[in-house]
Amino acid sequence: MSCALLLLLMSLALAMPTGAAVEIQRPRGVPLSKRQFYEENKPFTCLDGSSTIPFDRVNDDYCDCRDGSDEPGTAACPNGSFHCTNAGFRPAFIPSSRINDGICDCCDTTDEYNSGVTCQNTCREMGRKERESLQIMAEITKEGFMLKQQLIHEAKRGQEDKQGKLTELQGSKKGLEEKVEALRTVKETAEDPEKAAKERHLKAWEGKYTGNHSLSDKVDTSTFETVWSSIKDKYLQSLICDPEFIWFCRNLEKEIGFDFGPSAEFAYLYSQCYELSTSEYIYRLCPFNRVSQKPKFGGSETNLGLWGQWAGPEDNLYSVMKYDHGQGCWQGPNRSTTVKLTCGKETVVTSTSEPSRCEYLMEFTTPAVCQEPASLDEVLHGHTEL
């Protein structure tokens, strides 16, 4: 479960009554967390420490404190804020300028206490709907996390298979190279009589050799041919100096050593591509490779960035992918794309935008980013702030 979702659940829990709620008296607009600063029988000190005033000047519709803390329940201070308790939903703060302005901002209607406007308390209904939504999100997180465990298991098995294949190929290549080297020695040895005959023939023409200079000495390469034909796998023969084999081994080594997450949970994305079609373009994300954009009704493809690195915050590094060094913009920088990963049961590109010129933002859901969910019941068992 993401930190944002957890915080949202916790704030909602605080707004849910678990029994008979007891309202704690405090000046209008003051949150429970600051109740201790507002004691009726004592002078009030501005929260910024700028001044101390008699308590009866709190919420008297005149701004005495520079930080507006003496008027939490009126619109007197331009920089003040009003706390909506919103029992049954989430507490909130609104600018003090919205107090008694004829518009209901707090779902519990407390911001319009003296405007004459009739507001309906919608906090309970809003809380119910949000809890239902959070329950659905929690179920998605739970299922996504289970899928992630499968991905981790498959990635581990895949890595082991690839490492075994690479070791086998490297061993085969080394063995073949040694065998070919031995065959080359046999062939060169077999060719020695013919080389000697050619040398005698040449010297005879030059009058420097009077012995038998017959050119009948022939190379007996039967040994070479026999041994070479014993290597029946023609594919393995080609591997000895085949550049494609060399590339394959290097690519396999790169994949094995790639950073696919703490438990290689993102390995399944390698060599895959995912598309999102909009009214004008088809966006294509190939994780760990590139991002591109192509006009939907004809035209050339534009490179929006090549794989760069994981770029999430320190405590959630694998939540963001960065692709850079894409095709250059006209009189601008090279294109780049930031891909934000969110938890989901499916692997899909959900949205794309261009918040800044030549800088693209893509939303991508995958179970690989799902975290172990907290129990919804545990989070929702809290107390109401009144």
Side-chain angles (χ1 to χ4, degrees), residues 2-18 20-131 134 313 315 355 379-380 382-386:
S2 68
C3 293
L5 176 57
L6 185 59
L7 289 174
L8 187 57
L9 285 170
M10 292 178 69
S11 64
L12 183 60
L14 292 174
M16 291 182 60
T18 57
V22 177
E23 182 174 358
I24 298 176
Q25 295 298 321
R26 58 191 185 276
R28 190 190 304 273
V30 176
L32 184 59
S33 59
K34 294 182 180 179
R35 170 66 182 86
Q36 69 270 25
F37 301 114
Y38 295 83
E39 298 185 32
E40 292 188 26
N41 298 323
K42 296 181 180 180
F44 173 74
T45 299
C46 303
L47 297 186
D48 64 356
S50 60
S51 181
T52 298
I53 60 175
F55 192 83
D56 60 7
R57 289 167 65 177
V58 173
N59 279 340
D60 67 346
D61 207 22
Y62 182 85
C63 193
D64 297 289
C65 299
R66 287 198 298 264
D67 64 356
S69 58
D70 64 309
E71 297 297 318
T74 76
C77 298
N79 58 339
S81 62
F82 179 85
H83 180 261
C84 307
T85 300
N86 291 344
F89 190 50
R90 287 181 284 110
F93 285 93
I94 62 171
S96 59
S97 59
R98 296 182 184 178
I99 299 173
N100 293 322
D101 64 350
I103 300 175
C104 300
D105 297 289
C106 302
C107 67
D108 63 2
T109 76
T110 53
D111 61 311
E112 297 301 317
Y113 62 87
N114 196 33
S115 67
V117 174
T118 301
C119 298
Q120 183 178 0
N121 189 324
T122 59
C123 290
R124 301 291 180 186
E125 180 62 17
M126 292 174 67
R128 182 187 66 79
K129 290 181 178 179
E130 186 163 46
R131 286 191 294 275
L134 291 174
D315 61 343
V379 177
L380 290 179
H383 302 281
T384 304
E385 180 181 270
L386 290 175

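The model shown is predicted, which means the values in this text are computed figures rather than measured ones.
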- Between Cys63 and Gly68, what is the shortest heavy-atom contact and its length? SG-CA, 4.3 Å

- Task: Would you check if the side chain of Asn100 reaches a backbone N or O of Ala75 as a donor-acceptor pair within less than 3.5 Å?
- Result: no

- Query: Short question: side chain of Asp70, backbone of Asp64 - any donor-acceptor pair under 3.5 Å?
  - Reply: yes

- CZ (Arg98) and SG (Cys104) are apart, to the nearest 0.5 Å, by 13.0 Å

- CG of Asn121 to OG1 of Thr109: how many Å apart, nearest 0.5 Å? 6.0 Å

- Task: Please report the C-alpha distance between Cys65 and Cys77 in whole Å, then the side-chain angles of each, then the deciding distance to 0.1 Å, and finally whether the disulfide bond (SG atoms under 2.5 Å apart) criterion is met.
- Result: CA-CA 8 Å; Cys65 299; Cys77 298; over 6 Å; no

- Query: With side chains defined as the heavy atoms from C-beta onward, is the minimum distance between Asp111 and Ile94 less than 4.5 Å?
  - Reply: yes

- Indicate yes or no for a side-chain donor-acceptor contact from Glu71 to the backbone of Ala76 under 3.5 Å, with no hydrogens or angles considered. no

- Query: For atom CZ of Phe93, is the number of surrounding heavy atoms from other residues, nucleotides or ligands below 6.0 Å larger than 12?
  - Reply: yes

- Item | Asp108 side-chain N/O to Cys123 backbone N/O, donor-acceptor pair under 3.5 Å | no

- Item | Between CG on residue Leu47 and NZ on residue Lys34, distance to nearest 0.5 Å | 5.5 Å

- Assess the cysteine pair Cys84 / Cys107: is their SG-SG separation shorter than 2.5 Å? no

- Does Asn59 use its side chain to pair, donor to acceptor, with the backbone of Gly73 at less than 3.5 Å? yes

- Message: Checking Glu112 against Ser115 for the side chain to side chain donor-acceptor pair (under 3.5 Å) test, could you report, in this order, the C-alpha distance in whole Å, the side-chain angles of both residues, the deciding distance, and whether it holds?
- Response: CA-CA 5 Å; Glu112 297 301 317; Ser115 67; 2.7 Å; yes

- Query: Are any side-chain N or O atoms of Ser81 and backbone N or O atoms of Pro95, one a donor and one an acceptor, separated by less than 3.5 Å?
  - Reply: no

- Indicate yes or no: at least one non-hydrogen side-chain atom of Thr110 is less than 4.5 angstrom from one of Phe82. yes

- Do the side chain of Arg35 and the main chain of Gln25 share a donor and acceptor less than 3.5 angstrom apart? yes

- Query: Taking the six-membered ring of Tyr113, is the NZ or CZ of Arg28 close enough (under 6.0 Å from the centre) and on axis enough (within 45°)?
  - Reply: yes

- Task: Verify the neighbour count for atom CD of Gln120: are there more than 12 heavy atoms of other residues, nucleotides or ligands below 6.0 Å?
- Result: no

- Item | Glu125 side chain to Thr122 side chain, donor-acceptor N/O pair below 3.5 angstrom | no

- Message: Please evaluate residues Thr45 and Thr52 with respect to the criterion side chain to side chain donor-acceptor pair (under 3.5 Å), reporting the C-alpha separation (whole Å), side-chain torsions for both, the decisive distance (0.1 Å), and the verdict.
- Response: CA-CA 4 Å; Thr45 299; Thr52 298; 3.1 Å; yes

- Compare every heavy atom of Leu32 with every heavy atom of Arg26, then report the nearest pair and how far apart it is. NE-N, 3.5 Å

- Message: Using every non-hydrogen atom in the two residues, find where Asp48 and Asp67 come nearest and quote the distance to one decimal.
- Response: N-OD2, 2.9 Å

- Give the ring-plane orientation class for Phe44 versus Tyr38, where under 30° counts as parallel, over 60° as perpendicular and anything between as tilted. parallel

- Message: For a quick test of reading the model, state the closest non-hydrogen atom pair linking Pro91 to His83 and the distance between them.
- Response: CB-NE2, 3.7 Å

- Task: Mind listing the closest non-hydrogen atom pair of Phe55 and Pro27 along with its distance?
- Result: CZ-CG, 3.9 Å

- Dump the intermediate steps for side-chain contact (heavy atoms from CB on, under 4.5 Å) on Val58 and Asp56, then the final yes or no. CA-CA 5 Å; Val58 173; Asp56 60 7; over 6 Å; no

- Nearest non-hydrogen partners of Cys46 and Ser50, listed with the distance: CB-OG, 3.7 Å

- Task: State the CD1-OG1 distance between Ile99 and Thr74, to the nearest 0.5 angstrom.
- Result: 6.0 Å

